[in-house]
Amino acid sequence: RYELLLKDLLKNTWVGHADYLDLKNALSEVKKVAEYINTKKRQSEGMTKMYDIQNHLIGHSGDIVAPHRSFIAEGDVILHSGSEKGKHLFLFSDLLVYTSRSIKRRKNLINSTIRYMHEKDFSLKGLSVEDLADDGPNVNRFSITTAEDG
């Protein structure tokens, strides 16, 4: 809000006005502060997400939450073997976690809890991803090769 107010004030202040440079400097500083706050907010949300993943991950021996690690994305996948079971990937800045989806059913679906059974971790070092052509109903296809695969 302050940024918008200062932009409006600057737009309506002529260049020769005594306050023009101060308004311009204030706008620059407010932008820096807003950028800093937004960065810290994203970092906090990412850390919260990692704690959430760690709390819903069963059978993982290490810590998901680490000072050097950041959460990037997650999503369901279908293996090329045709397995339709709920496989789920979590992508971090240094790690890919491969899991199976498990739902702890309650009487109503709203209170059901999704858990993830840990299957394997892949370090992003030595990992390559190849984009594959769509194949009929199979879209957004990709192949992952690790250093272990050779």
I'd like to check the side-chain contact (heavy atoms from CB on, under 4.5 Å) partners of [X]; sequence neighbours left out, ordered by chain and number.
X	answer
Lys32	Ser28, Glu29
Asp63	Gln54
Asp76	His88, Arg101
Leu127	Leu96, Phe122, Leu124, Val129, Ile144, Thr146

Inset, instruction - Go through the structure and list residues passing salt bridge (charged side-chain N to carboxylate O under 4.0 Å, His left out) with Lys120, not counting sequence neighbours. - result: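 Lys120: salt bridge (charged side-chain N to carboxylate O under 4.0 Å, His left out) contacts with Glu148.
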Legend entry - With sequence neighbours excluded, residues passing salt bridge (charged side-chain N to carboxylate O under 4.0 Å, His left out) with Asp121: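 In terms of salt bridge (charged side-chain N to carboxylate O under 4.0 Å, His left out), with neighbours along the sequence ignored, Asp121 is linked to no residue.
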Inset, instruction - Might you point out which heavy atoms bring His118 and Val97 nearest each other, and give the distance in Å? - result: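 Heavy atoms only, the tightest pair is CD2-CG1, 3.8 Å.
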Inset, instruction - For Arg69, enumerate each residue passing the side chain to side chain donor-acceptor pair (under 3.5 Å) test, keeping only those at least two apart in sequence or located in another chain. - result: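 Side chain to side chain donor-acceptor pair (under 3.5 Å) check on Arg69 returns Asp94.
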Inset, instruction - Identify, with sequence neighbours excluded, every residue that meets side chain to side chain donor-acceptor pair (under 3.5 Å) alongside Lys40. - result: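 Testing Lys40 for side chain to side chain donor-acceptor pair (under 3.5 Å), a comparison that skips the adjacent residues, returns Gln43.
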Legend entry - Leu27 with Tyr2, same ILVMFWY side-chain cluster at under 4.5 Å: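 Yes.
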Inset, instruction - Group every Ile, Leu, Val, Met, Phe, Trp and Tyr by side-chain heavy-atom contacts under 4.5 Å, then state whether Val15 and Leu9 land in the same group. - result: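 Yes; tracing contacts between hydrophobic side chains, which count when under 4.5 Å, links both residues.
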Legend entry - salt bridge (Lys or Arg N to Asp or Glu O under 4.0 Å) pairs, two or more places apart, involving residues 5-26: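 Counting only pairs at least two positions apart or across chains, the salt bridge (Lys or Arg N to Asp or Glu O under 4.0 Å) contacts touching residues 5-26 are Glu3-Lys7.
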Inset, instruction - Quick one: which residue pairs count as a ring-ring contact (aromatic ring centres under 6.0 Å, His included) with a foot in residues 3-48, not counting sequence neighbours? - result: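 Pairs touching residues 3-48 that pass the test: Trp14-His17.
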Inset, instruction - Share the residues that join Met117 in a hydrophobic cluster, the rule being Ile, Leu, Val, Met, Phe, Trp or Tyr side chains under 4.5 Å apart at the heavy-atom level. - result: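 Result for Met117 is Ile58.
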To the nearest 0.5 Å, tell me how far [X] [atom1] sits from [Y] [atom2].
X	Y	atom1	atom2	answer
Leu132	Asn140	CG	CG	11.0 Å
Phe92	Ile53	CZ	CD1	4.0 Å
Ser70	Met50	OG	CE	6.5 Å

Legend entry - Flag, side chain of Asn55 to backbone of Tyr51, donor-acceptor distance under 3.5 Å: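 Checking the backbone N and O of Tyr51 against the side chain of Asn55, a donor-acceptor pair under 3.5 Å is found.
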Legend entry - Flag side-chain contact, heavy atom, 4.5 Å: Glu74 against Leu89: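 With C-beta onward as the side chain, the pair stays apart.
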Legend entry - pair Val77-Phe142: side-chain heavy atoms closer than 4.5 Å: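 SC-SC contact between Val77 and Phe142 confirmed.
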Inset, instruction - Please find out if less than 6.0 Å separates the ring center of Phe71 from that of Phe90. - result: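 So the answer is no for these two rings.
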Legend entry - Partners passing ring pair (Phe, Tyr, Trp, His ring centres under 6.0 Å) against His56 (at least two apart in sequence or in another chain):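 Here no residue qualifies.
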Inset, instruction - For Val65 and Met47, run side-chain contact (heavy atoms from CB on, under 4.5 Å): C-alpha distance rounded to whole Å, both residues' side-chain angles, the deciding distance at 0.1 Å, then the answer. - result: CA-CA 7 Å; Val65 179; Met47 193 66 69; 3.5 Å; yes
